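The basis for the numbers below is simple: all heavy atoms, side chains too, and nothing from hydrogens, waters or symmetry mates. Just so it is clear, the model here is predicted, and its values are computed rather than measured.
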Amino acid sequence: MTFTQALQHAPVMLTEGAIIERLRRDSAIKLDPHVLNAGLLYDPAGRRALTNVYRQYLEIGRATDLPMLVCAPTWRANRERQRAAGLADRDVNGDAVRLLRALQAECGPYAGAVHVGGLLGCRGDAYNPAEALDLAAARDFHTPQVQALYAAGVDFLLAATLPAVCEALGLAQALAATGLPYVLSCVVRSTGTWLDGTPIADAIAHIDRAVSPPPSAYFVNCVHPTVFAAALDVATRANPEAARRVVGLQANTSTLSPEELDNRPHLDSAAPERFAADMLAVRLRFGTRVVGGCCGTDDRHLWALAAALR
């Protein structure tokens, strides 16, 4: 089953839990300040730690026989950041995808249910929409990384933790040009808006009209399930058809705002069972079909979520 077929027909799919945030809290691991976990690809200890986190999540999918989306550790691996990290001569995006393909191959028959994605992020602070690029600048800035991930042979593309519609539009144009299925994932407020203040329903309707082909779907990430539920309630009242395009949630365990969580020195996390219950409530209420974790989650939270789904 292809990614598009799974997205359309699978009753539910898992995504991974936190990766960058987990590794940041490991005292034995040093994330590169520019490319974050992508830099671990070239450090033996860091690569082992990164690989172990992915293996944990893939094992949960295999053991529970749930289709799974896993994304390459490339959220901050754009050309500008690669240069700043001294990695301009490396095929960082390709190496990241090859790591996941190798892990997928270890999964035996379950490998067919694993869909490998290329992950991108905004240029600036993901929690500060004032730093967002305009449409044309975003298209030009992100195209080299989009093309690198396309060349690496990913199954789909995912632009995540997006705070502003203007940069999302430029990203979407670059993603659409590949012909690959792609997903946009934004950060939202409980009031039903993106961080830049654009109502969720308006943002989706605008992007769907402006970009051809439009995104395969929309996700939300880096917020608590209760924030997602409140936001989607507002969006559904405004435009039910647009709200139904939001099919995925990678949620935090904390109810704190994105700004409060950003670079927070101490972990703010809920028990795995509480997280699973909150996520199941979202799924039952809105039919959310792609579910996973973001800040504060680890393999325990994903095990609890997968068990609740089964």
Side-chain angles (χ1 to χ4, degrees), residues 3-15 67 69 117 122 126-127 129 132 135 156-173 175-176 181-252 255 257-258 275-294 305 308-309:
F3 166 79
T4 299
Q5 290 169 334
L7 191 64
Q8 292 174 344
H9 302 298
V12 65
M13 288 191 286
L14 284 178
T15 68
L69 309 183
C122 58
Y127 307 126
L135 187 157
F156 67 99
L157 294 158
L158 170 63
T161 328
L162 302 177
V165 174
C166 55
E167 186 162 357
L169 274 166
L171 251 167
Q173 288 188 352
L175 296 166
Y182 69 98
V183 176
L184 301 183
S185 184
C186 61
V187 186
V188 300
R189 303 286 190 196
S190 60
T191 51
T193 70
W194 287 37
L195 294 188
D196 67 356
T198 306
I200 294 169
D202 290 353
I204 291 171
H206 181 40
I207 294 169
D208 281 352
R209 287 193 305 267
V211 185
S212 180
S216 300
Y218 294 83
F219 295 173
V220 168
N221 72 291
C222 210
V223 298
H224 192 267
T226 57
V227 173
F228 173 81
L232 212 55
D233 263 339
V234 175
T236 300
R237 290 196 298 270
N239 186 334
E241 183 178 349
R244 281 193 291 271
R245 297 273 283 132
V246 183
V247 304
L249 172 63
Q250 287 185 272
N252 295 341
T255 58
S257 71
F275 172 76
D278 288 339
M279 290 293 286
L280 188 60
V282 162
R283 170 163 167 70
L284 293 174
R285 185 172 173 186
F286 298 104
T288 310
R289 294 184 290 108
V290 184
V291 290
C294 201
L305 175 58
L309 293 172

Non-hydrogen atoms of [X] and [Y] that approach each other most closely:
X    : Y    : result
C222 : V187 : O-CG1, 4.3 Å
P225 : M279 : CG-SD, 3.7 Å
A168 : L162 : CB-CD1, 3.9 Å
V12  : P67  : O-CD, 3.6 Å
T191 : V234 : O-CG1, 3.6 Å
W194 : A203 : NE1-CB, 3.5 Å

Without swapping roles, check the side chain of [X] against the backbone of [Y] for a donor-acceptor pair under 3.5 Å.
X    : Y    : answer
N221 : T161 : yes
Y127 : L195 : no
D278 : H224 : no
R283 : T288 : yes

To the nearest 0.5 Å, tell me how far [X] [atom1] sits from [Y] [atom2].
X    : Y    : atom1 : atom2 : answer
R289 : F219 : CZ    : CZ    : 9.0 Å
I200 : N239 : CD1   : CG    : 11.5 Å
L158 : L69  : CG    : CG    : 8.5 Å
L309 : L280 : CG    : CG    : 6.5 Å
L184 : R245 : CG    : CZ    : 9.0 Å

> Taking side chain as C-beta onward, heavy atoms only, is L232 less than 4.5 Å from V220?
Replying inline: no
>> Can you tell me if Q8 has over 12 outside heavy atoms packed within less than 6.0 Å of its CD?
In response: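 For Q8, atom CD is crowded (more than 12 foreign heavy atoms under 6.0 Å).
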> F228 vs F286 aromatic rings, parallel, tilted or perpendicular, using cut-offs 30° and 60°?
Replying inline: perpendicular
